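Before any comments, here is the structure.
Everything numeric here is computed off the predicted structure, so don't read it as measured data. The basis for the numbers below is simple: all heavy atoms, side chains too, and nothing from hydrogens, waters or symmetry mates. Residue numbering restarts at 1 for every chain, and letters A, B, ... go by the order of the sequence lines.
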Amino acid sequence: MLEISYIRENRERVLEGLKVRNFPEEERHIVDEVLALDEKRKSLQTELDVQLSERNTLSKSIGDLFKQGKKEEATELRQKVNDLKEVASKLEQALKTTKEELTKQLLVLPNIPHPSVPAGNTDEDNEVVKDWEGPLPVLDTDAKPHWELSDKYNIFDLELGVKITGSGFPVFRGKGAKLVRSLISFFLDEAGRAGYEEVIPPLLVNEQTAYSTGQLPDKEGQMYYAEKDDLYLIPTAEVPVTNIFRDVIIKEDDFPVQLTAYTPCFRREAGSYGAHVRGLNRVHQFDKVEIVRIEHPDRSYQALDEMVAHVEGLLQKLELPYRILRLCGGDLGFTSALTYDFEVYSAAQKRWLEVSSVSNFETFQTNRLKLRYKSEKGNQLAHTLNGSALALARIIAAIIENNQSPEGIRIPKVLQSYTGFDLID
RNA sequence: GGAGGAGUGGCAGAGCGGUUGAAUGCACUGGUCUUGAAAACCAGCGUGGGUGUGAGCUCACCGGGGGUUCGAAUCCCUCCUCCUCCGCCA
(Lines give C-alpha, C1' and ligand atoms only; values in the text may rest on other atoms or scores of the structure.)
Protein backbone atom coordinates (compact mmCIF):
# COMPACT_ATOMS: atom_id res chain seq x y z
CA MET A 1 0.00 0.00 0.00
CA LEU A 2 1.32 3.42 -0.89
CA GLU A 3 1.98 5.81 1.95
CA ILE A 4 -0.56 8.58 2.06
CA SER A 5 2.20 11.06 2.87
CA TYR A 6 4.00 9.99 -0.30
CA ILE A 7 0.92 10.56 -2.43
CA ARG A 8 0.37 13.92 -0.77
CA GLU A 9 3.87 15.08 -1.63
CA ASN A 10 4.22 13.39 -5.02
CA ARG A 11 0.84 13.55 -6.70
CA GLU A 12 2.32 14.02 -10.19
CA ARG A 13 4.75 11.19 -9.79
CA VAL A 14 2.02 8.87 -8.64
CA LEU A 15 -0.10 9.72 -11.67
CA GLU A 16 2.89 9.30 -13.94
CA GLY A 17 3.60 5.90 -12.38
CA LEU A 18 0.05 4.73 -12.90
CA LYS A 19 0.40 5.66 -16.55
CA VAL A 20 3.57 3.59 -16.93
CA ARG A 21 1.67 0.71 -15.41
CA ASN A 22 -1.25 1.11 -17.75
CA PHE A 23 -3.50 1.65 -14.81
CA PRO A 24 -6.89 2.40 -16.41
CA GLU A 25 -7.14 6.09 -17.13
CA GLU A 26 -10.74 6.31 -15.98
CA GLU A 27 -9.67 5.09 -12.54
CA ARG A 28 -6.80 7.46 -11.97
CA HIS A 29 -9.13 9.91 -10.27
CA ILE A 30 -8.73 7.64 -7.24
CA VAL A 31 -5.54 9.52 -6.49
CA ASP A 32 -7.43 12.75 -5.99
CA GLU A 33 -10.18 10.99 -4.10
CA VAL A 34 -7.62 9.60 -1.75
CA LEU A 35 -6.17 13.05 -1.24
CA ALA A 36 -9.61 14.49 -0.53
CA LEU A 37 -10.41 11.71 1.92
CA ASP A 38 -7.14 12.34 3.65
CA GLU A 39 -8.02 16.01 4.10
CA LYS A 40 -11.39 15.02 5.44
CA ARG A 41 -9.78 12.58 7.81
CA LYS A 42 -7.44 15.21 9.16
CA SER A 43 -10.12 17.79 9.81
CA LEU A 44 -12.36 15.21 11.51
CA GLN A 45 -9.44 14.16 13.65
CA THR A 46 -8.79 17.73 14.70
CA GLU A 47 -12.43 18.32 15.59
CA LEU A 48 -12.66 15.08 17.51
CA ASP A 49 -9.54 15.88 19.47
CA VAL A 50 -11.02 19.15 20.62
CA GLN A 51 -14.13 17.39 21.88
CA LEU A 52 -12.24 14.63 23.61
CA SER A 53 -9.83 17.03 25.17
CA GLU A 54 -12.70 18.99 26.67
CA ARG A 55 -14.35 15.82 27.87
CA ASN A 56 -11.16 14.75 29.59
CA THR A 57 -10.78 18.10 31.32
CA LEU A 58 -14.37 18.15 32.54
CA SER A 59 -14.22 14.57 33.72
CA LYS A 60 -11.22 15.39 35.80
CA SER A 61 -12.97 18.30 37.42
CA ILE A 62 -16.00 16.10 38.15
CA GLY A 63 -13.69 13.85 40.08
CA ASP A 64 -12.28 16.80 41.96
CA LEU A 65 -15.74 18.16 42.76
CA PHE A 66 -16.84 14.82 44.14
CA LYS A 67 -13.80 14.72 46.35
CA GLN A 68 -14.62 18.16 47.65
CA GLY A 69 -18.15 17.02 48.33
CA LYS A 70 -19.69 19.44 45.82
CA LYS A 71 -22.19 16.92 44.59
CA GLU A 72 -24.63 19.24 42.89
CA GLU A 73 -22.02 20.96 40.79
CA ALA A 74 -20.64 17.58 39.82
CA THR A 75 -24.01 16.30 38.71
CA GLU A 76 -24.54 19.42 36.67
CA LEU A 77 -21.23 18.97 34.93
CA ARG A 78 -22.01 15.35 34.33
CA GLN A 79 -24.97 16.34 32.21
CA LYS A 80 -22.83 18.71 30.22
CA VAL A 81 -20.31 16.00 29.46
CA ASN A 82 -23.10 13.71 28.37
CA ASP A 83 -24.06 16.23 25.75
CA LEU A 84 -20.49 16.49 24.59
CA LYS A 85 -20.33 12.78 24.22
CA GLU A 86 -22.95 12.72 21.58
CA VAL A 87 -21.05 15.16 19.42
CA ALA A 88 -17.87 13.18 19.96
CA SER A 89 -19.39 9.86 19.09
CA LYS A 90 -20.79 11.25 15.84
CA LEU A 91 -17.38 12.60 14.93
CA GLU A 92 -15.82 9.32 15.90
CA GLN A 93 -18.15 7.43 13.63
CA ALA A 94 -17.50 9.80 10.75
CA LEU A 95 -13.77 9.49 11.26
CA LYS A 96 -13.94 5.72 11.29
CA THR A 97 -15.96 5.64 8.07
CA THR A 98 -13.58 8.06 6.40
CA LYS A 99 -10.57 6.04 7.41
CA GLU A 100 -12.12 2.85 6.10
CA GLU A 101 -12.99 4.49 2.81
CA LEU A 102 -9.48 5.89 2.56
CA THR A 103 -7.90 2.50 3.11
CA LYS A 104 -10.25 0.89 0.64
CA GLN A 105 -9.23 3.35 -2.06
CA LEU A 106 -5.57 3.14 -1.16
CA LEU A 107 -5.68 -0.61 -1.61
CA VAL A 108 -6.64 -0.15 -5.23
CA LEU A 109 -3.43 1.70 -6.06
CA PRO A 110 -0.43 -0.41 -7.14
CA ASN A 111 3.15 0.40 -6.32
CA ILE A 112 4.79 3.20 -8.27
CA PRO A 113 7.33 1.81 -10.76
CA HIS A 114 10.99 2.67 -10.53
CA PRO A 115 12.08 5.23 -13.18
CA SER A 116 13.91 2.50 -15.10
CA VAL A 117 10.72 0.52 -15.69
CA PRO A 118 9.75 0.65 -19.36
CA ALA A 119 6.18 1.52 -20.29
CA GLY A 120 4.27 -1.29 -21.89
CA ASN A 121 1.32 -3.59 -21.74
CA THR A 122 2.33 -7.20 -21.94
CA ASP A 123 5.29 -9.48 -21.55
CA GLU A 124 6.26 -8.60 -25.11
CA ASP A 125 7.21 -5.14 -23.88
CA ASN A 126 9.59 -6.46 -21.25
CA GLU A 127 13.12 -5.29 -21.74
CA VAL A 128 15.84 -7.89 -22.20
CA VAL A 129 18.62 -6.46 -20.06
CA LYS A 130 20.89 -9.43 -20.52
CA ASP A 131 20.48 -11.84 -23.38
CA TRP A 132 22.14 -15.22 -23.72
CA GLU A 133 25.33 -14.53 -25.61
CA GLY A 134 26.39 -17.99 -26.59
CA PRO A 135 24.60 -20.34 -28.96
CA LEU A 136 21.39 -21.89 -27.69
CA PRO A 137 21.61 -25.64 -27.33
CA VAL A 138 20.41 -27.50 -30.37
CA LEU A 139 19.18 -31.02 -29.79
CA ASP A 140 18.84 -33.95 -32.12
CA THR A 141 15.64 -34.12 -34.06
CA ASP A 142 14.42 -36.98 -31.93
CA ALA A 143 14.93 -34.95 -28.71
CA LYS A 144 12.02 -35.17 -26.33
CA PRO A 145 10.23 -32.64 -24.14
CA HIS A 146 10.62 -33.24 -20.43
CA TRP A 147 7.28 -34.97 -19.94
CA GLU A 148 8.25 -37.61 -22.44
CA LEU A 149 11.69 -37.95 -20.91
CA SER A 150 10.04 -38.35 -17.56
CA ASP A 151 8.04 -41.31 -18.84
CA LYS A 152 11.17 -42.84 -20.21
CA TYR A 153 13.33 -42.39 -17.11
CA ASN A 154 10.70 -42.41 -14.37
CA ILE A 155 11.44 -38.92 -13.07
CA PHE A 156 7.98 -37.69 -12.14
CA ASP A 157 4.44 -38.92 -12.56
CA LEU A 158 1.56 -36.53 -13.18
CA GLU A 159 -1.05 -39.26 -13.59
CA LEU A 160 -0.29 -40.47 -10.13
CA GLY A 161 -0.69 -36.92 -8.83
CA VAL A 162 -4.12 -36.81 -10.44
CA LYS A 163 -5.08 -39.98 -8.63
CA ILE A 164 -3.87 -38.72 -5.28
CA THR A 165 -4.86 -35.08 -5.52
CA GLY A 166 -5.76 -33.70 -8.94
CA SER A 167 -4.00 -32.26 -11.96
CA GLY A 168 -0.86 -30.25 -11.41
CA PHE A 169 0.49 -32.15 -8.44
CA PRO A 170 3.50 -34.09 -9.66
CA VAL A 171 4.88 -37.10 -7.86
CA PHE A 172 8.65 -37.19 -8.22
CA ARG A 173 10.22 -40.61 -8.10
CA GLY A 174 13.57 -42.29 -7.79
CA LYS A 175 16.38 -40.23 -9.22
CA GLY A 176 13.85 -37.52 -10.02
CA ALA A 177 12.97 -37.17 -6.36
CA LYS A 178 16.61 -37.13 -5.47
CA LEU A 179 17.27 -34.46 -8.06
CA VAL A 180 14.59 -32.30 -6.41
CA ARG A 181 16.14 -32.74 -3.00
CA SER A 182 19.60 -32.03 -4.37
CA LEU A 183 18.54 -28.81 -6.02
CA ILE A 184 16.91 -27.61 -2.81
CA SER A 185 20.05 -28.35 -0.82
CA PHE A 186 22.26 -26.74 -3.41
CA PHE A 187 20.19 -23.56 -3.50
CA LEU A 188 20.03 -23.32 0.28
CA ASP A 189 23.76 -23.84 0.60
CA GLU A 190 24.44 -21.16 -1.97
CA ALA A 191 22.14 -18.73 -0.19
CA GLY A 192 23.83 -19.53 3.09
CA ARG A 193 27.22 -18.80 1.56
CA ALA A 194 25.86 -15.46 0.34
CA GLY A 195 24.94 -14.50 3.91
CA TYR A 196 21.28 -15.48 4.11
CA GLU A 197 19.99 -17.01 7.31
CA GLU A 198 17.99 -20.16 6.69
CA VAL A 199 14.49 -20.37 8.12
CA ILE A 200 11.72 -22.93 7.92
CA PRO A 201 8.41 -21.06 8.11
CA PRO A 202 4.83 -22.27 8.40
CA LEU A 203 3.19 -23.24 5.10
CA LEU A 204 -0.22 -22.01 6.18
CA VAL A 205 -0.73 -18.38 7.05
CA ASN A 206 -3.50 -16.29 8.52
CA GLU A 207 -5.34 -13.47 6.86
CA GLN A 208 -3.25 -10.70 8.41
CA THR A 209 -0.07 -12.27 7.09
CA ALA A 210 -1.43 -12.70 3.58
CA TYR A 211 -2.64 -9.12 3.63
CA SER A 212 0.67 -7.68 4.76
CA THR A 213 2.67 -8.91 1.79
CA GLY A 214 -0.10 -8.02 -0.63
CA GLN A 215 -1.73 -11.36 -1.47
CA LEU A 216 -4.95 -10.11 0.09
CA PRO A 217 -7.25 -8.56 -0.77
CA ASP A 218 -7.79 -9.25 -4.48
CA LYS A 219 -5.58 -12.24 -5.06
CA GLU A 220 -7.58 -14.70 -2.99
CA GLY A 221 -8.12 -16.68 -6.13
CA GLN A 222 -4.45 -17.54 -6.35
CA MET A 223 -4.25 -19.15 -2.93
CA TYR A 224 -5.67 -22.36 -1.57
CA TYR A 225 -7.82 -21.65 1.43
CA ALA A 226 -8.55 -23.88 4.41
CA GLU A 227 -11.94 -22.55 5.33
CA LYS A 228 -12.45 -24.36 8.57
CA ASP A 229 -9.38 -22.78 10.10
CA ASP A 230 -9.39 -19.60 8.06
CA LEU A 231 -5.86 -20.20 6.80
CA TYR A 232 -4.21 -19.89 3.41
CA LEU A 233 -1.60 -22.17 1.86
CA ILE A 234 1.39 -20.08 0.93
CA PRO A 235 1.93 -19.30 -2.77
CA THR A 236 5.56 -18.43 -1.96
CA ALA A 237 7.86 -18.36 1.06
CA GLU A 238 7.92 -14.59 0.69
CA VAL A 239 4.65 -14.46 2.60
CA PRO A 240 5.58 -16.11 5.91
CA VAL A 241 9.23 -15.06 5.80
CA THR A 242 8.63 -11.35 5.23
CA ASN A 243 5.98 -11.40 7.94
CA ILE A 244 8.58 -12.44 10.48
CA PHE A 245 9.26 -8.72 10.57
CA ARG A 246 5.71 -7.49 10.79
CA ASP A 247 5.30 -4.85 13.52
CA VAL A 248 9.00 -4.70 14.11
CA ILE A 249 11.23 -1.66 14.51
CA ILE A 250 14.81 -2.55 13.77
CA LYS A 251 17.99 -0.61 14.44
CA GLU A 252 19.71 1.00 11.52
CA ASP A 253 22.80 -1.17 11.95
CA ASP A 254 20.67 -4.32 11.79
CA PHE A 255 20.61 -3.82 8.02
CA PRO A 256 20.77 -5.80 5.89
CA VAL A 257 18.42 -8.52 7.08
CA GLN A 258 18.91 -11.53 4.81
CA LEU A 259 16.74 -14.61 5.04
CA THR A 260 16.31 -17.66 2.89
CA ALA A 261 13.74 -20.42 3.03
CA TYR A 262 12.86 -23.52 1.15
CA THR A 263 9.12 -24.20 0.96
CA PRO A 264 6.70 -25.91 -1.32
CA CYS A 265 4.52 -23.30 -3.02
CA PHE A 266 0.83 -23.77 -3.71
CA ARG A 267 -0.93 -21.91 -6.48
CA ARG A 268 -4.40 -22.47 -7.78
CA GLU A 269 -3.60 -21.06 -11.24
CA ALA A 270 -7.28 -21.22 -12.01
CA GLY A 271 -8.17 -21.41 -15.64
CA SER A 272 -4.79 -22.19 -17.13
CA TYR A 273 -4.83 -25.27 -19.28
CA GLY A 274 -3.41 -26.16 -22.63
CA ALA A 275 -0.23 -27.18 -24.39
CA HIS A 276 1.93 -24.41 -22.90
CA VAL A 277 1.27 -25.70 -19.39
CA ARG A 278 2.14 -29.30 -20.10
CA GLY A 279 4.39 -31.29 -17.84
CA LEU A 280 6.13 -29.20 -15.24
CA ASN A 281 5.61 -25.90 -17.03
CA ARG A 282 2.83 -24.90 -14.68
CA VAL A 283 1.85 -26.91 -11.65
CA HIS A 284 -0.15 -26.26 -8.51
CA GLN A 285 2.59 -27.36 -6.15
CA PHE A 286 6.26 -26.76 -6.70
CA ASP A 287 9.38 -26.31 -4.62
CA LYS A 288 11.23 -23.07 -4.31
CA VAL A 289 14.07 -21.54 -2.38
CA GLU A 290 13.37 -17.89 -1.75
CA ILE A 291 15.73 -15.12 -0.68
CA VAL A 292 14.34 -12.16 1.24
CA ARG A 293 16.05 -8.94 2.21
CA ILE A 294 15.09 -6.05 4.40
CA GLU A 295 17.10 -3.02 3.49
CA HIS A 296 17.76 0.61 4.19
CA PRO A 297 16.02 2.68 1.50
CA ASP A 298 19.34 4.13 0.37
CA ARG A 299 20.76 0.71 -0.35
CA SER A 300 17.81 -1.30 -1.60
CA TYR A 301 18.61 -1.01 -5.30
CA GLN A 302 22.17 -2.04 -4.70
CA ALA A 303 20.74 -5.02 -2.82
CA LEU A 304 18.51 -5.79 -5.79
CA ASP A 305 21.57 -5.92 -8.03
CA GLU A 306 23.27 -8.26 -5.60
CA MET A 307 20.27 -10.56 -5.60
CA VAL A 308 20.17 -10.57 -9.38
CA ALA A 309 23.86 -11.49 -9.41
CA HIS A 310 23.19 -14.28 -6.94
CA VAL A 311 20.47 -15.84 -9.08
CA GLU A 312 22.61 -15.41 -12.15
CA GLY A 313 25.41 -17.30 -10.42
CA LEU A 314 23.06 -20.21 -9.71
CA LEU A 315 22.04 -20.53 -13.33
CA GLN A 316 25.64 -20.36 -14.46
CA LYS A 317 26.60 -23.12 -12.07
CA LEU A 318 23.72 -25.22 -13.36
CA GLU A 319 25.03 -24.61 -16.90
CA LEU A 320 21.66 -23.40 -18.12
CA PRO A 321 21.24 -20.80 -20.87
CA TYR A 322 19.34 -17.85 -19.38
CA ARG A 323 18.32 -14.29 -20.01
CA ILE A 324 17.29 -11.47 -17.71
CA LEU A 325 14.28 -9.25 -18.32
CA ARG A 326 13.21 -6.01 -16.77
CA LEU A 327 9.46 -6.18 -16.51
CA CYS A 328 7.51 -3.42 -18.17
CA GLY A 329 4.90 -1.41 -16.31
CA GLY A 330 1.99 -3.51 -17.51
CA ASP A 331 3.61 -6.80 -16.53
CA LEU A 332 4.91 -5.63 -13.18
CA GLY A 333 3.35 -7.18 -10.10
CA PHE A 334 0.95 -5.05 -8.10
CA THR A 335 3.29 -4.67 -5.15
CA SER A 336 6.59 -4.30 -6.99
CA ALA A 337 8.52 -1.19 -7.97
CA LEU A 338 11.05 -3.01 -10.10
CA THR A 339 11.21 -6.67 -11.08
CA TYR A 340 13.78 -8.68 -12.96
CA ASP A 341 12.64 -11.99 -14.36
CA PHE A 342 14.99 -14.83 -15.18
CA GLU A 343 14.18 -17.24 -17.95
CA VAL A 344 15.98 -20.41 -18.89
CA TYR A 345 15.93 -21.89 -22.33
CA SER A 346 14.15 -25.14 -22.62
CA ALA A 347 15.78 -26.70 -25.66
CA ALA A 348 13.23 -29.36 -26.50
CA GLN A 349 10.26 -27.04 -26.18
CA LYS A 350 12.27 -24.30 -27.86
CA ARG A 351 10.98 -21.68 -25.46
CA TRP A 352 12.05 -19.60 -22.49
CA LEU A 353 10.69 -20.60 -19.08
CA GLU A 354 10.44 -18.17 -16.21
CA VAL A 355 12.34 -19.54 -13.23
CA SER A 356 12.91 -16.54 -11.04
CA SER A 357 11.51 -13.16 -10.25
CA VAL A 358 13.55 -10.70 -8.20
CA SER A 359 11.79 -7.58 -6.95
CA ASN A 360 12.17 -4.47 -4.88
CA PHE A 361 8.92 -3.52 -3.17
CA GLU A 362 10.38 -0.41 -1.57
CA THR A 363 7.91 0.60 1.17
CA PHE A 364 4.82 -0.93 -0.41
CA GLN A 365 4.91 -4.00 1.83
CA THR A 366 6.51 -2.40 4.86
CA ASN A 367 3.71 0.14 5.02
CA ARG A 368 1.32 -2.75 5.61
CA LEU A 369 3.80 -4.71 7.67
CA LYS A 370 4.63 -1.68 9.82
CA LEU A 371 8.26 -2.62 9.45
CA ARG A 372 10.37 0.39 10.35
CA TYR A 373 13.88 1.26 11.39
CA LYS A 374 15.04 3.85 13.86
CA SER A 375 16.76 6.81 12.28
CA GLU A 376 17.63 10.32 13.31
CA LYS A 377 14.61 11.54 11.40
CA GLY A 378 12.39 9.28 13.47
CA ASN A 379 11.07 5.87 12.55
CA GLN A 380 11.06 5.23 8.81
CA LEU A 381 9.66 2.43 6.70
CA ALA A 382 12.29 -0.04 5.53
CA HIS A 383 12.44 -1.55 2.05
CA THR A 384 11.71 -5.20 1.33
CA LEU A 385 12.99 -7.29 -1.54
CA ASN A 386 12.76 -10.88 -2.52
CA GLY A 387 13.60 -13.28 -5.26
CA SER A 388 13.35 -16.91 -6.24
CA ALA A 389 16.70 -18.58 -5.91
CA LEU A 390 15.35 -20.73 -7.42
CA ALA A 391 11.99 -22.24 -8.40
CA LEU A 392 12.34 -25.92 -9.04
CA ALA A 393 9.82 -27.49 -11.35
CA ARG A 394 10.82 -25.56 -14.46
CA ILE A 395 14.51 -25.80 -13.63
CA ILE A 396 14.08 -29.55 -13.69
CA ALA A 397 12.26 -29.34 -16.99
CA ALA A 398 15.15 -27.37 -18.47
CA ILE A 399 17.87 -29.57 -16.98
CA ILE A 400 16.42 -32.81 -18.25
CA GLU A 401 15.58 -31.47 -21.68
CA ASN A 402 18.87 -29.69 -22.30
CA ASN A 403 21.02 -32.47 -20.91
CA GLN A 404 19.41 -35.40 -22.65
CA SER A 405 21.56 -37.71 -24.71
CA PRO A 406 21.33 -41.26 -26.02
CA GLU A 407 23.08 -42.39 -22.82
CA GLY A 408 20.68 -40.66 -20.51
CA ILE A 409 20.30 -37.34 -18.74
CA ARG A 410 23.49 -35.73 -17.56
CA ILE A 411 23.45 -34.13 -14.10
CA PRO A 412 25.18 -30.72 -13.88
CA LYS A 413 28.54 -30.99 -12.19
CA VAL A 414 27.67 -28.85 -9.15
CA LEU A 415 24.80 -31.16 -8.30
CA GLN A 416 26.66 -34.42 -8.52
CA SER A 417 27.99 -34.29 -4.99
CA TYR A 418 24.39 -33.86 -3.86
CA THR A 419 22.77 -36.47 -6.07
CA GLY A 420 25.49 -39.08 -5.81
CA PHE A 421 25.02 -39.93 -9.50
CA ASP A 422 25.92 -38.12 -12.71
CA LEU A 423 23.44 -39.69 -15.08
CA ILE A 424 19.79 -40.56 -15.09
CA ASP A 425 19.47 -43.58 -17.32
C1' G B 1 -11.29 -32.10 22.77
C1' G B 2 -12.46 -31.22 28.57
C1' A B 3 -11.20 -28.34 33.33
C1' G B 4 -8.56 -24.27 35.56
C1' G B 5 -5.06 -19.86 35.41
C1' A B 6 -2.86 -15.71 32.87
C1' G B 7 -1.99 -11.77 29.03
C1' U B 8 0.84 -4.27 31.22
C1' G B 9 6.67 -0.54 27.92
C1' G B 10 13.04 -4.23 24.97
C1' C B 11 12.78 -7.68 29.42
C1' A B 12 11.17 -8.42 34.57
C1' G B 13 7.27 -6.57 37.42
C1' A B 14 3.60 -2.92 40.26
C1' G B 15 -1.11 -0.89 39.46
C1' C B 16 -7.28 -3.49 39.79
C1' G B 17 -12.66 3.04 38.61
C1' G B 18 -10.30 9.56 39.07
C1' U B 19 -3.47 14.25 36.85
C1' U B 20 -1.36 6.35 35.40
C1' G B 21 1.46 6.73 29.15
C1' A B 22 1.61 3.94 33.31
C1' A B 23 5.73 2.92 39.97
C1' U B 24 10.25 0.08 40.54
C1' G B 25 14.41 -2.89 38.74
C1' C B 26 17.34 -4.48 34.54
C1' A B 27 18.79 -3.29 29.64
C1' C B 28 19.81 0.89 26.40
C1' U B 29 21.55 6.29 25.21
C1' G B 30 24.01 10.92 26.78
C1' G B 31 26.75 13.27 30.77
C1' U B 32 29.87 13.75 35.51
C1' C B 33 33.96 11.21 37.78
C1' U B 34 38.57 8.15 35.98
C1' U B 35 45.10 7.73 32.69
C1' G B 36 41.42 3.98 30.62
C1' A B 37 37.59 0.68 32.07
C1' A B 38 34.29 -0.77 35.88
C1' A B 39 31.50 1.07 39.88
C1' A B 40 28.82 5.28 41.54
C1' C B 41 25.91 9.53 40.50
C1' C B 42 22.78 12.80 37.12
C1' A B 43 19.65 12.99 32.83
C1' G B 44 17.07 10.74 28.84
C1' C B 45 14.61 6.47 27.09
C1' G B 46 7.19 3.36 23.66
C1' U B 47 3.98 3.68 19.08
C1' G B 48 0.70 6.10 15.85
C1' G B 49 -2.45 10.45 14.52
C1' G B 50 -3.79 15.84 14.62
C1' U B 51 -1.89 20.88 15.13
C1' G B 52 2.09 24.58 15.05
C1' U B 53 7.88 27.81 11.41
C1' G B 54 9.32 26.11 16.29
C1' A B 55 9.79 24.96 21.67
C1' G B 56 5.35 22.77 22.28
C1' C B 57 0.16 21.56 22.71
C1' U B 58 -3.32 17.67 21.96
C1' C B 59 -5.82 12.71 20.88
C1' A B 60 -5.57 7.41 20.81
C1' C B 61 -3.08 2.93 22.37
C1' C B 62 -1.82 -1.60 28.89
C1' G B 63 -3.43 -9.19 23.69
C1' G B 64 -7.80 -7.91 19.51
C1' G B 65 -12.89 -6.17 19.13
C1' G B 66 -17.35 -4.41 21.56
C1' G B 67 -19.91 -2.47 26.02
C1' U B 68 -20.87 0.05 31.07
C1' U B 69 -19.37 5.01 33.20
C1' C B 70 -18.89 12.07 33.74
C1' G B 71 -14.19 9.15 33.81
C1' A B 72 -11.40 2.27 32.44
C1' A B 73 -4.99 -0.70 32.20
C1' U B 74 -8.62 -1.30 36.19
C1' C B 75 -15.81 -3.48 35.71
C1' C B 76 -18.83 -6.55 31.86
C1' C B 77 -19.18 -9.41 27.04
C1' U B 78 -16.61 -11.76 23.10
C1' C B 79 -12.50 -13.52 20.29
C1' C B 80 -7.25 -14.74 20.19
C1' U B 81 -2.78 -16.39 22.46
C1' C B 82 0.12 -18.59 26.36
C1' C B 83 0.63 -21.72 30.89
C1' U B 84 -1.08 -26.06 34.17
C1' C B 85 -3.86 -30.75 34.58
C1' C B 86 -6.68 -34.71 31.88
C1' G B 87 -7.68 -37.12 27.06
C1' C B 88 -5.74 -38.06 22.03
C1' C B 89 -1.40 -38.18 18.98
C1' A B 90 3.49 -37.81 14.64
Distances for protein N/O vs nucleotides 49-54 of chain B N/O pairs under 3.5 angstrom?
residue: B/G49; atom: O3'; partner: A/R41; partner atom: NH2; Å: 2.6
residue: B/G49; atom: O2'; partner: A/Q45; partner atom: NE2; Å: 3.4
residue: B/G49; atom: N2; partner: A/D49; partner atom: OD2; Å: 2.3
residue: B/G50; atom: OP1; partner: A/R41; partner atom: NH2; Å: 2.7
residue: B/G50; atom: O2'; partner: A/T46; partner atom: OG1; Å: 2.5

Check nucleotides 71-74 of chain B for protein N or O atoms closer than 3.5 Å to its own N or O atoms and list the pairs.
residue: B/G71; atom: OP1; partner: A/K85; partner atom: NZ; Å: 3.2
residue: B/G71; atom: OP2; partner: A/K85; partner atom: NZ; Å: 3.4
residue: B/G71; atom: O4'; partner: A/S59; partner atom: OG; Å: 3.3

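Across the C1' atoms, B/U69 and B/G18 are found 12 Å apart, a figure rounded to whole Å.
With sequence neighbours left out, A/S357 forms a side-chain hydrogen bond (donor to acceptor under 3.5 Å, both in side chains) with A/D341. Residues satisfying the salt bridge (charged side-chain N to carboxylate O under 4.0 Å, His left out) test with A/R326, not counting sequence neighbours, are A/E127. Looking at residues two or more places apart in sequence or on another chain, you find a side chain to side chain contact (heavy atoms under 4.5 Å, CB included) between A/V248 and A/F245, A/I250. Among residues two or more places apart in sequence or in another chain, the ring pair (Phe, Tyr, Trp, His ring centres under 6.0 Å) test is passed with A/F334 by A/F364. Listed by chain and number, the residues in a ring pair (Phe, Tyr, Trp, His ring centres under 6.0 Å) with A/F169 are A/H284 (sequence neighbours excluded). Contacts of A/Y211 classified as ring pair (Phe, Tyr, Trp, His ring centres under 6.0 Å), with partners at least two apart in sequence or in another chain: none.
Remark: nothing in residues 198-212 of chain A comes within less than 4.0 Å of RNA chain B through any heavy atom.
In this structure, A/K374 places its NZ atom 12 Å from P of B/C45, rounding to the nearest Å. One atom, CD of A/E73, and another, C1' of B/C70, lie 15 Å apart when rounded to the nearest Å.
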Identify each donor-acceptor pair in which a side-chain atom of residues 193-203 of chain A lies under 3.5 Å from a protein atom, sequence neighbours left out, and give them as a table.
residue: A/R193; atom: NH2; partner: A/E190; partner atom: OE2; Å: 2.9
residue: A/Y196; atom: OH; partner: A/R293; partner atom: NH1; Å: 3.4

Show me the side-chain donor-acceptor pairs of residues 373-383 of chain A shorter than 3.5 Å, one per line, residues at least two apart or across chains.
residue: A/S375; atom: OG; partner: A/K377; partner atom: N; Å: 3.1
residue: A/S375; atom: OG; partner: A/G378; partner atom: O; Å: 2.8
residue: A/H383; atom: ND1; partner: A/S300; partner atom: OG; Å: 2.8

Would you list the atom pairs, donor with acceptor, under 3.5 Å between side chains in residues 92-101 of chain A and any protein atom, with sequence neighbours excluded?
residue: A/T97; atom: OG1; partner: A/Q93; partner atom: O; Å: 2.8
residue: A/T98; atom: OG1; partner: A/A94; partner atom: O; Å: 2.7

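Nucleic acid contact class of A/L58 (heavy atoms, under 4.0 Å, all strands): none. Contact annotation for A/I249: backbone-only contact, meaning every heavy-atom pair under 4.0 Å involves sugar-phosphate atoms and none involves a base.
Of the inter-residue distances, the one linking A/Q285 atom CD with A/L392 atom CG reads 11.5 Å to the nearest 0.5 angstrom.
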After noting the C-alpha distance and the side-chain angles of A/L369 and A/D247, does the key distance pass the side-chain contact (heavy atoms from CB on, under 4.5 Å) rule? CA-CA 6 Å; A/L369 289 158; A/D247 286 320; over 6 Å; no

